[in-house]
Amino acid sequence: MKITYLGHACFHIEINGTHLIVDPFINGNELAKNIKINSLKADYILITHGHQDHVLDVEAIANNNPKATLVSNYEIIEWFGQKGLKGHPLNHGGKVSFDFGTVKYVNAIHSSVLPDGSYGGNPGGFVITAGDKCIYIAGDTALTMDMKLIPDMGHRIDLAILPIGDNFTMGYEDAALAADFVKCDKVIGCHYDTFPPIEIDKERAQTYFSSKGKILLLPNIGGTITI
């Protein structure tokens, strides 16, 4: 898997030539102004919940990639379906097999409303398995004991993508504990620095993770990590 950070909580994941975009919020993010959404390839667009800072560019990217399939909860897929976009709905605990591997929708503690005020269903995260690699994308969430169930269900997580910005989600201290819960020592942090309430001391966060025997990766926007 090649994982490219596109800012905030947005990632591009390439798996053996298949392209996934997660929570696209680019045009509204001044920090991601060098990312051009017209150049992004997407076979699948994964959406953790309905907040604008996770769905802003879904429609534009899907229209640029007309074969793309949206993957999210039932309510979000229905909402985008009314705009003519195709999708596959999931609910908590459910998984689906695609050509690149499997996607399981897992619990998150947060809120969810779509940009027009429509109900966004329950927020979630994703466990993506492809071959012998497995990543956990927590989405926007507080620390939750449900995270402990992920390895108990047989998932060996190679990399966890966790929010660390505090205020609207867990901060980096709770994220380090979340890494314990999912039994993964390598973490990519997200959902930080985009807005003043979630600005963090990155060096302090990485030092904290290091003190717990873990690695916190904070790639530059446009930077790629391969597992």
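All residue numbers refer to positions in the sequence shown, counting from 1.
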Visitor: What's the spacing between N220 CG and N34 CG if we round to 0.5 Å?
Guide: 11.0 Å
Visitor: Look at atom NZ of K86 and say whether more than 12 heavy atoms of other residues, nucleotides or ligands are closer to it than 6.0 Å.
Guide: yes
Visitor: Look up atom CG in N16 and atom NZ in K133, then write down how far apart they are to the nearest 0.5 Å.
Guide: 11.5 Å
Visitor: If we ignore hydrogens and angles and just use 3.5 Å, is the side chain of N29 paired with the main-chain N or O of L31 as donor and acceptor?
Guide: yes
Visitor: F209: which residues meet the ring pair (Phe, Tyr, Trp, His ring centres under 6.0 Å) condition with it, sequence neighbours left out?
Guide: none
Visitor: My understanding is that a hydrophobic cluster links ILVMFWY residues whose side chain heavy atoms are under 4.5 Å apart, including indirect links. Using that, what else belongs to the cluster containing I109?
Guide: none
Visitor: Show me the donor-acceptor pairs within less than 3.5 Å that the side chains of residues 142-151 make with the rest of the protein, sequence neighbours left out.
Guide:
residue	atom	partner	partner atom	Å
T144	OG1	D146	N	3.1
D146	OD2	N107	ND2	2.6

Visitor: May I ask you to check whether T48 and D23 show a side-chain donor-acceptor distance below 3.5 Å?
Guide: yes
Visitor: Is there side-chain contact between I128 and T102, with heavy atoms separated by less than 4.5 Å?
Guide: no
Visitor: Which donor-acceptor pairs under 3.5 Å do the side chains of residues 152-161 make with protein atoms, sequence neighbours left out?
Guide:
residue	atom	partner	partner atom	Å
R156	NH1	D158	OD1	2.8
R156	NH2	D132	O	3.2
D158	OD2	C134	N	2.8

Visitor: Going by the angle between their ring planes, with limits at 30° and 60°, are F126 and Y105 parallel, tilted or perpendicular?
Guide: tilted
Visitor: Under 4.5 Å between any side-chain heavy atoms of D43 and L20, yes or no?
Guide: no
Visitor: On a heavy-atom basis, which atom in E199 and which in D193 lie closest, and how many Å separate them?
Guide: CA-OD1, 3.2 Å
Visitor: Looking at side-chain heavy atoms only, is the closest gap between L70 and I47 below 4.5 Å?
Guide: yes
Visitor: Determine yes or no for a side-chain-to-main-chain donor-acceptor pair under 3.5 angstrom, with T141 supplying the side chain and A138 the backbone.
Guide: no
Visitor: Dump the intermediate steps for side chain to side chain contact (heavy atoms under 4.5 Å, CB included) on I188 and I3, then the final yes or no.
Guide: CA-CA 10 Å; I188 296 179; I3 302 163; 4.2 Å; yes
Visitor: What distance separates I198 CD1 from Y192 OH, expressed to the nearest 0.5 Å?
Guide: 10.0 Å
Visitor: Is C190 close to H8 at the side-chain level, that is, under 4.5 Å between some pair of heavy atoms?
Guide: no
Visitor: Verify, without hydrogens or angle tests, whether S210 (side chain) and T207 (backbone) share a donor-acceptor contact under 3.5 angstrom.
Guide: no
Visitor: The criterion is ring pair (Phe, Tyr, Trp, His ring centres under 6.0 Å); which residues satisfy it with F168, sequence neighbours excluded?
Guide: none
Visitor: If you look at every heavy atom in A68 and A42, which pair is closest and at what distance?
Guide: CB-O, 3.4 Å
Visitor: Find out whether F80 and V55 are in side-chain contact, i.e. whether some heavy atom of one side chain is under 4.5 Å from a heavy atom of the other.
Guide: yes
Visitor: Under 4.5 Å between any side-chain heavy atoms of I164 and L218, yes or no?
Guide: yes
Visitor: Determine the minimum heavy-atom distance between S111 and H51, stating which atoms define it.
Guide: OG-CE1, 3.2 Å
Visitor: Taking all non-hydrogen atoms of both residues, which atom of N167 and which atom of P197 are closest, and how far apart?
Guide: CB-O, 3.6 Å
Visitor: Return the CD1 to CG distance between I137 and L162, rounded to the nearest 0.5 Å.
Guide: 10.5 Å
Visitor: For D140, give me all partners under side chain to side chain contact (heavy atoms under 4.5 Å, CB included), at least two apart in sequence or on another chain.
Guide: H49, H54, H110, T169, H191
Visitor: Suppose we screen for side chain to side chain donor-acceptor pair (under 3.5 Å). Which residues come up paired with N64, at least two apart in sequence or across chains?
Guide: N38
Visitor: Using the test ring pair (Phe, Tyr, Trp, His ring centres under 6.0 Å), find all partners of Y44 that sit at least two apart in sequence or belong to another chain.
Guide: F98, F100
Visitor: Could you pull out the closest heavy-atom pair between M1 and I135, with the gap in Å?
Guide: SD-CG2, 3.8 Å
Visitor: Residues in salt bridge (charged side-chain N to carboxylate O under 4.0 Å, His left out) with E203, at least two apart?
Guide: none
Visitor: When rounded to the nearest 0.5 angstrom, what is the spacing between SG in C10 and CD1 in I21?
Guide: 5.5 Å
Visitor: In a table with atom names and distances, give each donor-acceptor pair under 3.5 Å that connects a side chain of residues 171-181 to protein atoms at least two apart or in another chain.
Guide:
residue	atom	partner	partner atom	Å
Y172	OH	R204	NE	3.4
D180	OD1	K214	NZ	2.6

Visitor: What is the distance from atom CG of D57 to atom CD of Q52, rounded to the nearest 0.5 Å?
Guide: 9.5 Å
Visitor: Per the side chain to side chain donor-acceptor pair (under 3.5 Å) rule, which among H12, K41, K2 passes with H19?
Guide: H12
Visitor: Pick from L40, V71, I61: which one makes a side chain to side chain contact (heavy atoms under 4.5 Å, CB included) with I45?
Guide: I61
Visitor: Output all residues satisfying ring pair (Phe, Tyr, Trp, His ring centres under 6.0 Å) with Y5, sequence neighbours left out; order by chain, then residue number.
Guide: F11
Visitor: State which residues pass side chain to side chain donor-acceptor pair (under 3.5 Å) with T224; sequence neighbours excluded, sorted by chain then number.
Guide: T4
Visitor: Identify the heavy atoms of I35 and G222 that sit nearest to each other, and give their distance.
Guide: CD1-CA, 4.2 Å
Visitor: Tell me if a side-chain donor or acceptor on K83 pairs with a main-chain N or O of E59 at a distance below 3.5 Å.
Guide: no
Visitor: Apply side chain to side chain contact (heavy atoms under 4.5 Å, CB included) to V103 and L90, showing your working.
Guide: CA-CA 9 Å; V103 176; L90 287 168; 4.2 Å; yes
